[in-house]
Amino acid sequence: MPDPTGDPGEFDDALAIANAGRAGAANPVPRTTGTGYGHERGAELGTTDAAQEGAAPRGPVPRGAETRGADARGADPRAGERADERADERAPERPWFDPWHAPWGNGRHAPRQETGAADRTPDAHPRAARDAGQAPASGRNAAADPLAPVFHDFPAAPGPRPTDSGPRRATSATRPATPEPEPLLPESWTAPTTSVRPPTASAQSPSDPSDPRTGPASTESSPARAAGPEASRPESRRPGTPGPQGPAPGPQAPGPQTPGCETPGPESPRLGSGTPRTGEHRPEKHRHREHHSPWDVARAVASEAVDGPLEPGAVPLGPEALGRVLAGALTALTDLPSFDTSAMDGWAVSGPGPWRLAAPRTVAPAASAGILAGQGRARPLPDGHAVPIATGARIPPGASAVLRSEHGETAEQPDGSLMLTAPRGAPPGQDIRPRGQECRNGDPLLPPGTPVTPAVLGLAAAAGYDELWTYRRPVVEILVLGDELLHSGLPQEGRIRDALGPMLAPWLHAMGAETIGPRHLADDEATLYEAVAGSTADVVITTGGTAAGPVDHVHPTLHRLGAELLVDGVQVRPGHPMLLARLGPVEAPARRGRSARRAARQAPASVSRETPAVARHLVGLPGNPLAAVSGLLTLAAPLLGTLAGRTRSELRRVCLADGVQGHPHDTRLVPVACRTDEKGGTVALPLHFNGPAMLRGIAAAGALAVIPPGGAAAGEPIALLDLPWSAAAAFPDTATAPTTTTASTTATASRTAPTTAAPSTAASDTATTPGTGAHGGPA
Ligand SMILES: Nc1nc2c(c(=O)[nH]1)N[C@H]1C(S)=C(S)[C@@H](COP(=O)(O)OP(=O)(O)OC[C@H]3O[C@@H](n4cnc5c(N)ncnc54)[C@H](O)[C@@H]3O)O[C@H]1N2
Ligand code: MOO
């Protein structure tokens, strides 16, 4: 996990390992310093316990029943595209690198030829240079450099590499001039809703299943279907529930991704509003321009492709609930604490001291002699008496305070009894946690739409829950396409390892989904058709085959299935061939099984018992691995976020530590690592190795920066797509809060989540964090 605090340490070590050191600045943040981004009243008054708990000072608690405490709760576009796309595939400057593999594209180096690089890859390994006796030209101990060549060098001094050899293309020495502005949302743009290109002849010819390179046509891991929860608890154990839709995920599209202030997004195009455009007779490059959706529009379309969350159900309080989203408010089922409780080991005392100890012969408050946690109601304590008591035990009726064991002195009296004295006294209410201090029965604790975290599980248990009413997790079936893919061992004979199969399932889990697969399918249209048509998942994710190559079967298959293309290409790099299609529905109850139907029947009255047939969707991810990640975050995450009931939030913005070249027309998604600059602000460091086929940058990243067409300069605030395992994604409020105080960072913390009025408990114990949904983070 990236360190959002910017504390260098293990993470930077990981970066260094990932990138094998770099001749350059030792610390990227200082290096960029000059780039301009600088552009019932408390019962525990005066006690340590009160301070610990943040309880408001409390006044005297009258002697009597324990319940009294309860009241106190108180350039050439094409050339530009290619150059830009590859600008960041470069290896950063490492003198031991073969010049073919040296960095380029930031104005300092000429681009390498595509073919040369692949052929000479082995030379690029640092070991090759070591073996050849080469030393880093800079004289810098690169191995000791904790900071990595993943970091961008832009802007940088122009000039070709003197050691460059082989054919080169000219590249601009500086960041390319911003191209003529192309609005992200052209007035004429409408969401494509038509079917797809007709199947090609090649696409229709079945592949040979016995092709040894294909491997098994359908290797399936054990399905992990969403089993509807076995709800068996009384309704009184469920939180109140919202309407059938639950918390409406905010429909707002994020604003245009222009550098600068966050601006509200335009009304996103509604599904079905588009003029059908097939462009089937046009060359691919022209068709592309017409069909491709602006990036933020594509996200909005994906988010709104479904009306709302999947059906809610009761799940036991435990791992099964973790990561789901509350379908109703979490309401306290009890006062907390549910009785006046001793906060300390010591003595419960009644009135001002000294006190006669009710348990004679006990100098220390031994367990056998006093009131222990877990015991029932104790006998009333008469005025002027004390009784040993343990932390967590019920305060006996009549007690006015708790005196800590270290604050009392006992002395034996001539009659053999023990007297307890307190040199500092025992003010009423001291070290008593009054009943209802944290909440009263019925108080709202968390709003619907709150993701279930470990802490939520703990709170729910404390508040009396045995199970939680949550939205069902979306089930995603992963279909990995590509005859060239190997599933173990080293790449060989033109075949490569499948990088997406191992990556997607855990990534989807981190996004709150359940998965089936990955299934590895041969490049064969019939196989793909059967797999998609037969899938019972809410969402099918395919990898590869989205383009127009001879074995790219996704479009023809969707055509055969009569699918409705909601997004057919996105103006984003990498990943522009990504797509989103609506498949025919599968009748929901049959699909979801008995337990889900039972859960639907047991829904609280406020929730519709009808389980509507929900359309299934297919997200087509391009085969290039980083392009697939781009598609995952652009299309799958918003769709799954809505299905899971997550609330959308605006993307946080963080200033770039370095400038990033932009694509002339398209949004770029560039892996970044967040760091703290010298002013204490969070900055996003663009990482190298961000080419479409590369995962090295993203593996060291905490987020993807959304770079608008034309690029972004150092110091510009840039929207981030936080990766689901980054702290910022999981806890967007906490992650962005500190940045509001720095000039170099802009935080966006607005929420569409419903909020819960904080219960009127003691001061700082009242914090209720609404809208922790991180849909807008990773989504
Ligand atoms: N004439 C055009 N060709 C291509 C265009 C274009 O606009 N016009 N776009 C390129 C871009 S950009 C991408 S991205 C790819 C997308 O192609 P597909 O989605 O059809 O993907 P494949 O062709 O199957 O694979 C592309 C690439 O990725 C490798 N791959 C595939 N699956 C995996 C995996 N699971 N793990 C690792 N690597 C994988 C595959 O071997 C290819 O190298 O189309 C371009 N072409
Ligand atoms: O880059 Mo493609 O953009 O490799 O999806």
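None of these values were measured; they are calculated from a predicted model. Atoms within each ligand, like the ligands themselves, are counted from 1 in listed order.
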Minimum non-hydrogen distance to atom 24 (O) of ligand 1, winning option of Gly623, Ala547, Gly545:
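Looking at heavy atoms only, Gly545 sits closest to atom 24 (O) of ligand 1.
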
Of the choices Asp498, Asp552, Leu485, Asn624, which has the non-hydrogen atom that lies closest to atom 43 (O) of ligand 1?
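Comparing heavy atoms across Asp498, Asp552, Leu485, Asn624, the nearest one to atom 43 (O) of ligand 1 lies in Asn624.
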
Please identify which atoms of ligand 1 are closer than 4.0 Å to at least one heavy atom of Arg497.
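Per the distance check, 36 (N), 37 (C).
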
Which atoms of ligand 1 have any heavy atom of Ile496 under 4.0 Å away?
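Reading through ligand 1 atom by atom, the close ones are 37 (C), 38 (N), 39 (C), 41 (O).
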
If I apply the N/O under 3.5 Å rule, does Gly575 come out as touching ligand 1?
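So ligand 1 has no N or O lying under 3.5 Å from an N or O of Gly575.
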
If you measure every N or O of Thr546 against every N or O of ligand 1, does any of those distances drop under 3.5 Å?
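Yes, Thr546 has an N/O under 3.5 Å of an N/O on ligand 1.
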
N or O contact, Gly575 vs ligand 2, cut-off under 3.5 Å
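Checking ligand 2 against Gly575, an N or O pair does fall under 3.5 Å apart.
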
Is there any N or O on Arg573 that sits under 3.5 Å from an N or O of ligand 2?
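N/O-N/O distance under 3.5 Å: no.
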
Evaluation steps, side-chain hydrogen bond (donor to acceptor under 3.5 Å, both in side chains), between Asp666 and His576:
CA-CA 9 Å; Asp666 294 354; His576 68 93; 5.9 Å; no

Looking only at heavy atoms, which two atoms of [X] and [Y] are closest? And how far apart?
{"X": "Leu720", "Y": "Cys674", "value": "CD1-SG, 3.7 Å"}
{"X": "Leu640", "Y": "Ala513", "value": "CD1-CB, 4.4 Å"}
{"X": "Pro671", "Y": "Asn690", "value": "CD-CB, 3.4 Å"}
{"X": "Ala298", "Y": "Thr634", "value": "CB-CG2, 4.2 Å"}
{"X": "Glu477", "Y": "Ser535", "value": "OE1-OG, 2.7 Å"}

Using a 4.0 Å cut-off to any heavy atom of [X], which atoms of ligand 2 qualify?
{"X": "Asn624", "result": "4 (O)"}
{"X": "Pro577", "result": "5 (O)"}
{"X": "His576", "result": "3 (O), 5 (O)"}
{"X": "Pro574", "result": "1 (O), 3 (O), 5 (O)"}
{"X": "Pro692", "result": "1 (O), 4 (O)"}

Would you kindly specify which portion of Val554 sits under 4.0 Å from ligand 1, judged on non-hydrogen atoms: side chain, backbone, both or neither?
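Answer for Val554: neither.
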
Residue from Ser293, Ser630, Pro294 passing side-chain contact (heavy atoms from CB on, under 4.5 Å) with Val572:
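Of all the options given, the one that passes is Ser630.
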
Ligand 1 contacted by Pro625 (non-hydrogen, < 4.0 Å):
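The answer is yes: ligand 1 sits under 4.0 Å from a heavy atom of Pro625.
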
Which residue pairs pass the ring pair (Phe, Tyr, Trp, His ring centres under 6.0 Å) test with at least one member in residues 488-518, sequence neighbours excluded?
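As it turns out, the ring pair (Phe, Tyr, Trp, His ring centres under 6.0 Å) pairs with a partner in residues 488-518, which skip direct neighbours, are Trp507-Trp725.
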
Out of curiosity, Ile496 CD1 to Leu485 CG, how far, rounded to the nearest 0.5 Å?
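Between atom CD1 of Ile496 and atom CG of Leu485 there are 5.5 Å.
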
Test log, rule side chain to side chain contact (heavy atoms under 4.5 Å, CB included), inputs His555 and Leu565:
CA-CA 9 Å; His555 279 95; Leu565 267 180; 4.2 Å; yes

